[in-house]
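One-based numbering, in listed order, for ligands and for the atoms of each. Note: hydrogens, waters and symmetry copies are ignored here, and every other heavy atom, side chains too, is used.
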Amino acid sequence: MRKLITTMCFIFSIVAGALSAAPIEIKFSHVVAENTPKGKMAIRFKKLVEQRLPGKVKVSVFPNAQLFNDDRVLEAIILGDVQLAAPSLSKLETYTKKFQIFDLPFLFDDMQAVDRFQQSKEGQKLLASLESKGLTGLGYLHNGMKQLSANDPLFAPADAKGKKFRIMASDVLAAQFQVVNAHPVKKPFSEVFTLLQTKAIDGQENTWSNIYSKKFFEVQSHITETDHGVLDYIVVTSKEFWSGLPDEIRPIVEKSLQEAIDYGNKVALEKDEQDKLAIITSKKSKVIELSSAQRQQWKQAMAPVWKEFQDEIGADLIKAAQEANQVN
Ligand code: LMR
């Protein structure tokens with residue numbers, strides 16, 4: 001009997017040893033193509049972490065909504081089904097209304113202003129604000145400014161009248177199209193191409209890199225360069241997973257993530273130019289450049305959205321974001 005117990009203890013210690021040596025798995029789920037700022041950032045993160053923590057941490061990246069769609073990924077993080085995601089800031093509405101600030105049309109002059117706001121005291125406070133929901137915001141990641149595509153040329157707000165535009169799940173974005181008498185349709189990113197191709201919708205808003213990598217330009221006759229809003233991401237994990245990481249592992253994961261984000265931001269800048277050029281060169285979709293007077297018309301038409309959401313977002317936060325447009 002004693003021999004049996006000794007043998008069992010021995011087997012148990014081997015199994016326990018093997019289990020404790022198993023690498024920590026980080027599943028990173030996202031919805032875009034690999035050849036995008038987010039796609040490339042995720043691959044860079046995997047490479048850096050696995051180089052620095054060989055056998056200790058394993059990263060599996062699932063692009064193109066292979067694992068979870070937009071509407072499910074945050075829930076999946078909280079449930080522990082995946083450990084990392086980088087949803088667009090427009091998709092946090094069910095968790096907190098504060099991030100709606102990023103959807104206000106014509107708020108930021110350019111991506112440098114977006115960056116200044118994100119790195120400001122207010123931006124960092126926002127990043128930390130998901131803790132009470134069980135989520136830890138690890139950083140912001142850029143994609144770029146949004147453009148409007150449709151199957152007709154859109155020069156003035158009146159040209160959008162009556163058209164159906166796919167939007168991300170955000171009430172601010174819905175209001176933005178309603179004020180120009182268009183019809184917003186909330187749909188996941190993975191459905192956009194088919195909706196456009198089958199003409200179930202007339203248009204959509206997105207960045208150059210998303211329009212290019214998902215081939216929206218092949219099924220839209222025109223793209224108007226409006227730069228009317230920003231599409232950026234929050235890199236997010238669950239509070240439980242993050243605090244449960246061993247103390248000698250967490251800083252290395254965090255450093256790798258920061259470096260991957262810096263790289264992703266560089267890619268975002270480059271792709272914005274490159275992918276716009278590739279679309280123009282393809283001649284599959286005509287790119288419309290607005291005069292400053294035409295752009296001003298869109299800005300004016302969409303201005304009432306700010307008032308509508310001012311109370312929910314907070315006038316002080318809007319002011320802080322506007323101040324980011326000024327270079328100190
Ligand atoms: C979209 O749904 O249009 C974007 O959020 C997709 C993405 O992650 O860039």
Side-chain angles (χ1 to χ4, degrees), residues 28-43 45 61-74 76-77 82 84-95 99-100 102-103 105 111 114 118 137-150 164-174 176-177 184-197 200-217 219-220 223 226-236 260-261 264-265 267-272 275-276 279:
F28 189 160
S29 168
H30 68 79
V31 298
V32 292
E34 288 188 309
N35 192 23
T36 56
K38 184 160 57 182
K40 284 183 161 258
M41 171 266 174
I43 294 167
F45 169 65
V61 181
F62 300 90
N64 296 309
Q66 269 168 22
L67 209 52
F68 288 104
N69 223 326
D70 302 327
D71 52 341
R72 287 273 342 271
V73 79
L74 289 174
I77 285 200
V82 292
L84 214 53
S88 142
L89 298 168
S90 313
K91 294 173 184 167
L92 298 169
E93 202 169 84
T94 43
Y95 291 83
F99 282 89
Q100 292 184 129
F102 289 101
D103 286 340
M111 290 307 289
V114 174
Q118 289 173 348
L138 296 168
Y140 290 103
L141 171 70
H142 295 320
N143 186 329
M145 301 300 272
K146 289 179 294 183
Q147 321 302 338
L148 274 183
S149 75
K164 285 192 208 138
F165 287 89
R166 176 269 173 173
I167 56 162
M168 295 179 270
S170 152
D171 287 347
V172 178
L173 298 181
Q176 171 195 270
F177 282 102
V185 188
K186 289 181 183 172
K187 289 284 178 190
F189 186 59
S190 57
E191 292 178 25
V192 182
F193 180 85
T194 308
L195 289 167
L196 292 172
Q197 191 185 35
I201 54 172
D202 303 297
Q204 61 87 48
E205 53 164 15
N206 230 305
T207 58
W208 290 116
S209 71
N210 279 347
I211 294 173
Y212 182 67
S213 60
K214 286 293 178 188
K215 302 191 185 331
F216 299 162
F217 71 105
V219 286
Q220 292 274 265
I223 306 170
T226 46
D227 286 332
H228 64 281
V230 61
L231 197 166
D232 263 13
Y233 308 113
I234 181 170
V235 181
V236 70
I261 289 175
N265 287 345
V267 173
L269 264 184
E270 289 164 6
K271 286 219 135 284
D272 204 52
D275 292 353
K276 173 183 157 188
I279 291 170

J.: Specify side chain, backbone, both or neither for Thr36, according to which of its non-hydrogen atoms lie closer than 4.0 Å to ligand 1.
T.: neither
J.: Considering non-hydrogen atoms of the protein only, which is the closest contact for atom 9 (O) of ligand 1, and what is the distance?
T.: Tyr233 OH, 2.4 Å
J.: Short list, please: which atoms of ligand 1 are under 4.0 Å from a heavy atom of Leu231?
T.: 4 (C), 9 (O)
J.: How about Val235 and Phe45: do any of their side-chain heavy atoms sit closer than 4.5 Å?
T.: no
J.: With sequence neighbours left out, write down each residue that passes salt bridge (Lys or Arg N to Asp or Glu O under 4.0 Å) with Asp70, or none if nothing qualifies.
T.: Lys91
J.: In terms of atom number and element, which parts of ligand 1 are under 4.0 angstrom from non-hydrogen atoms of Met168?
T.: 1 (C), 2 (O), 3 (O), 4 (C), 5 (O)
J.: Determine, step by step, whether Lys271 and Asn210 satisfy the side chain to side chain donor-acceptor pair (under 3.5 Å) criterion, reporting the C-alpha distance in whole Å, the side-chain angles of both residues, the deciding distance to 0.1 Å, and the verdict.
T.: CA-CA 10 Å; Lys271 286 219 135 284; Asn210 279 347; over 6 Å; no
J.: Is there side-chain contact between Asp275 and Ser213, with heavy atoms separated by less than 4.5 Å?
T.: no
J.: Can you find a heavy atom in the side chain of His30 that is under 4.5 Å from one in the side chain of Tyr233?
T.: no
J.: Please work out which of the three classes, parallel, tilted or perpendicular, describes the rings of Tyr140 and Phe102, given edges at 30° and 60°.
T.: tilted
J.: Tell me whether His30 reaches ligand 1 (any heavy atom closer than 4.0 angstrom to a ligand atom).
T.: no
J.: Look at atom 3 (O) of ligand 1 and find which of Arg166, Glu205, Gln204, Lys146 reaches it with the closest heavy atom.
T.: Arg166
J.: What's the shortest distance from atom 5 (O) of ligand 1 to any protein heavy atom, and which residue and atom give it?
T.: Lys91 NZ, 2.8 Å
J.: Are Arg166 and Asn206 packed together at the side-chain level, in the sense that at least one heavy-atom pair is separated by less than 4.5 angstrom?
T.: yes
J.: In terms of residue, atom name and distance, what is the protein heavy atom nearest to atom 8 (O) of ligand 1?
T.: Lys38 NZ, 2.7 Å
J.: Go through ligand 1 atom by atom and flag the ones less than 4.0 Å from a non-hydrogen atom of Val32.
T.: 6 (C), 7 (C), 8 (O), 9 (O)
J.: Show which atoms of ligand 1 fall inside a sub-4.0 Å distance from at least one heavy-atom site of Asn210.
T.: 6 (C), 7 (C), 9 (O)
